[in-house]
Every structure is written in structure tokens, then in C-alpha cells.
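Sequence positions, counted from 1, serve as the residue numbers for this chain. Whatever order the structure lists them in is the order used to number ligands and atoms, beginning at 1.
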Amino acid sequence: MSYRVPFVDPRRHYQRLQPDIDAAIASCLSQGDLVYRRQLRDFEEHLAAFVGVKYAVGVNSGYHALHFALLGAGIGPGDEVITVAHTFVATVSAIVHARATPVLIDVGDDYNMDADRLEAAVTARTKAIVCVHLNGRMCDMERIRSVAAGHRLLVIEDAAQALGATFEGRCAGSLGVAGCFSFYPFKILGGFGDGGALTTDDRSLARMASLLRYNGEDRRTGEYHYHGYTALLDNVQAAVLDVKLRHLPAWIGHRRAIAAHYEAGLRGLPGIRLPHFGDERRVDVFQNYVIRTADRDSLREHLTRCGVETLAHWVKPMWMHPGLGLTNPGLDRTERLCREVLSLPLSAETTLDQVEYVVQCIRESVASRSVPAAEERPPRSHDSLSRAAGRHPAV
Ligand SMILES: Cc1ncc(COP(=O)(O)O)c(C=O)c1O
């Protein structure tokens, strides 16, 4: 189906950057720069400077950034790692693949880890906290870092959705032992396929991640230091990402303007909660513009009929997927969010006219029925909501 307002618009995105992107790709191809070359190093250097850390290590996905951050931090069998379930599954899978145990806690009103629940989750086996800066908003790093310091825990930031977001002036990915980014095509900085990076000030962690991504091999000596992985960020992807990184500040400004426009149009609508949480310590970059309503599914259907593409992240709590083997941690808010959240179209290509149209459609839907406020409706079965949101196109 072709939407009047698509969630994202990859064709237009490419057209806007075409000369620079084509030149970057042509340069790689004509010079045979395909694997582990100058373009990768340049991008890593620019990314590290952008985030405000010493090292950035390009890998082939946000998942591998997380996995290597955990391995590099020494997390392994017998360790517990506290994180959230209101996240993309890769956050938890990385912990499981590091052979540690994920301990899932609930999120707060802003969809990020509820730091008030951390203390109760700490045990003698806890080694780390993986906080997830969801939807382009950073977690309360002051509280999280303070609990971590009190218990000598490491903090790893899942910043897959938060490149450029700040907390007290510091960028996501610079406040823990490692930051983990995804360059999945529909992220704030997206490649033309999978990609990711780990950021850190820790030299040995950066080195371990660089070896792990290349089957454990030190390229200078040929020595294999670990059983590693084939997980290098492709050179061509790095060249494209380097071009796009230059536009990132402008794109973040655009996202924030679009979010403000949504807010102006939707503020005060009964039964709709908006993602503006008003904390001056943070600058949100709005990877997703997530509204919340108890009548999410009918609003979504109405928007689809109007030609507005939306996404729901995530329609089923992670522990309800039997294949993941997670026990039900009893997280009320996480469970409720699965029924209530809806992401509206937002990308570097979204226009103010499109926002106005989306707002008009939402207003129509609200006017046509009295929408109960989020959280006021009794829970319902997930059976009718079994569609997997996955990560496509923009988790
Ligand atoms: C919060 C979060 N963590 C981790 C990931 C994993 O990144 P990737 O898809 O690049 O492996 C994603 C996105 O896909 C994400 O949104």
C-alpha cells in the first residue's frame, strides 16, 4: 500500500543526498576500498568526536555493539545484568548471548528505565546495568550512575535510538563504560543496510571489540586473540554514514521541530498522551514520536484508512514470546505500553504539511468517539494483538 504520509521515506532521503552518497560509494568501489580501510577509520574518528569519547568501533549491527560491550566489560556466565523489557529484543538477546542473566525491570512515564526500581533488582550477582535511551530520549543518567556507583556496577548504554541526544550536555554513548549504536536504515543515522558502533573511553574495551568483530584477529600481527565474529562495519557503509553524519545536527533540529509541531496540534486532546516530558537536563532527538492512548488499535486503523503509516513498538511483551525463554517479570507498565503506544511518522523527510494532516486525522478519530485516557481501560488479551512490530521500519 502506498501511504499519503509514510512512516519514513527512504527514496526521498537518498534523492536529497544523492550526489554526495554516490561520490562516496564510487570512491570506495573505484579504489577497491571494501574492507577495513580509510573510510571506516575516518567514520569512527568523526563518530567518536561527535559522541565525545576517545574511541568508536564500527560493527555490523547495534546488536553486535551490545554483545561486544558486554564481553569487553567482562560480563559472562553467572552474572546478572539489569535492563528493561520495553526495548527491541536485541538488548536482551545480547545479554543472553553473553551467557549472563537478564533481569528485567519496569520503565517510567517516559518509557525509559525507572531508576527507582534499580536498587530492588540488585543482587550479589549483578554486574551491570544496560540502560536503553528509547525513542531518542536519554535515561536519568544521574540516578542510574549513582546506583551503579553505590554497588560497583558497570553501566552500558543502549543508545541505538539516541545518537545526538544529551543529558546535562553529554551525549548518549559517553556516560557509561560503553555506548552502543545502530545504523539500521531507519535510525536517526541510518546506513543502506545493517550497521552499528560501540563508543568508549576505555582503550582495552575498544581493542577487544575491534578484535572480536574481525574473528578475533589482530590485523597487524595476524594473531588470533579470541574466538571472534565476522561483524565488521562494511567500508562502503562507513563511507555513506560519514557523509550522513555531517547532516545529523540539521536532521536532529528538524526532528525536534516536527515533534514541536505535533505537540502544538495534539496538546490537550482527550485520551492522548504526548511524549514531551519537560526535563531541562535532556535534549531529546525524537527517533520516534510516540503517543499513547488506550484506544490505540482503533486510532491506528483510522490512520491507516487515512493513508497515514504508523507503528506500534511493541505489541506483545517480550516475555510472552515462548521462544525467548524469559520468565514473566510482572512489569505492569511495560505490559500496558504494549497496548497503548503508537509511533507517528517522523523522519528527516517529514514535512509540516504532513504533520498537519496527521494531526487532523487524529482529531477526527478522537472526535468520533470518546477516547478513554491511557491507563484507565482494563487490560485486554494480547491474542488479538499478536502482530510482531519487529524493528521495521524504525525501532
Ligand atoms: C533499542 C535498540 N537496541 C538495540 C537495537 C539493535 O540494533 P540493530 O538492529 O542494528 O542490531 C535496536 C534497533 O534495531 C534498538 O532499537
Side-chain angles (χ1 to χ4, degrees), residues 7-8 10 43 47 56-71 81-98 102 104-105 107 110-113 128-139 155-165 172-173 176 178-199 209 212-213 229-234 237-238 240-241 244 275 284-290 311-315 317-318 324 334 337-338 341 343 346-347 388-395:
F7 196 77
V8 288
F43 172 61
L47 181 69
V57 181
V59 292
N60 66 359
S61 63
Y63 163 78
H64 266 113
L66 284 159
H67 189 196
F68 296 162
L70 289 158
L71 296 180
V81 178
I82 303 173
T83 192
V84 290
H86 188 60
T87 179
F88 183 53
V89 65
T91 313
V92 174
S93 301
I95 297 169
V96 171
H97 288 314
L104 305 175
I105 64 170
V107 289
D110 66 353
Y111 314 144
N112 278 337
M113 176 177 275
I129 299 168
V130 175
C131 58
V132 183
H133 307 313
L134 206 69
N135 302 321
R137 175 180 176 80
M138 286 184 70
C139 298
V155 175
I156 292 171
E157 299 173 74
D158 180 338
Q161 299 194 6
L163 181 58
C180 306
F181 293 95
S182 165
F183 308 127
Y184 180 66
F186 305 110
K187 291 292 197 265
I188 286 179
L189 181 71
F192 291 130
D194 280 310
L198 176 156
T199 53
L212 284 171
R213 69 180 174 173
Y229 302 81
T230 305
L232 190 64
L233 179 64
D234 284 334
Q237 292 288 0
V240 167
L241 290 165
K244 292 191 179 192
D284 298 355
V285 294
F286 292 98
Q287 163 71 62
N288 298 308
Y289 192 85
V290 183
L311 283 182
H313 309 108
W314 292 264
V315 296
M318 206 180 285
L324 298 180
T334 296
L337 289 179
C338 291
V341 288
S343 299
L346 198 168
S347 71
R391 62 175 187 164
H392 176 80
V395 294

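- Note: an N/O pair closer than 3.5 Å links Y63 and ligand 1 by distance alone.
- For ligand 1, the atoms lying closer than 4.0 Å to a non-hydrogen atom of T87 are 1 (C).
- Between atom CG of residue D158 and atom CZ of residue F88 there is a gap of 10.5 Å, rounded to the nearest 0.5 Å.
- Below 3.5 Å of separation, one finds an N or O of D158 facing an N or O of ligand 1.
- Close contacts of ligand 1 with A160, meaning ligand atoms under 4.0 Å from a residue heavy atom, involve 2 (C), 3 (N), 4 (C), 5 (C), 12 (C), 15 (C).
- For the residues A197, S182, P185, the heavy atom positioned nearest atom 10 (O) of ligand 1 is part of S182.
- If you check each of G190, A159, S61, G62 against atom 7 (O) of ligand 1, the one with the closest non-hydrogen atom is G62.
- Closest heavy-atom contact between V89 and M318: CA-CE, 3.9 Å.
- Across every non-hydrogen atom of V96 and P102, the tightest pair is CG2-CG, 3.9 Å.
- In this pair, Y229 and F68 present their aromatic rings tilted. The plane angle is within the 30 to 60° band.
- A distance of 7.0 Å separates NE2 of H86 from SG of C338, quoted to the nearest 0.5 Å.
- For the pair T91 (side chain) and T87 (backbone), a donor-acceptor distance under 3.5 Å is absent.
- Near V132, with a cut-off below 4.0 Å to any heavy atom, the atoms of ligand 1 are 1 (C).
- Atoms of ligand 1 found under 4.0 Å from any heavy atom of T91, numbered from 1 in the order shown, are 3 (N).
- Considering OG of S347 and CZ of F186, their distance stands at 9.5 Å, rounded to 0.5 Å.
- Heavy atoms of A90 found under 4.0 angstrom from ligand 1 belong exclusively to the side chain.
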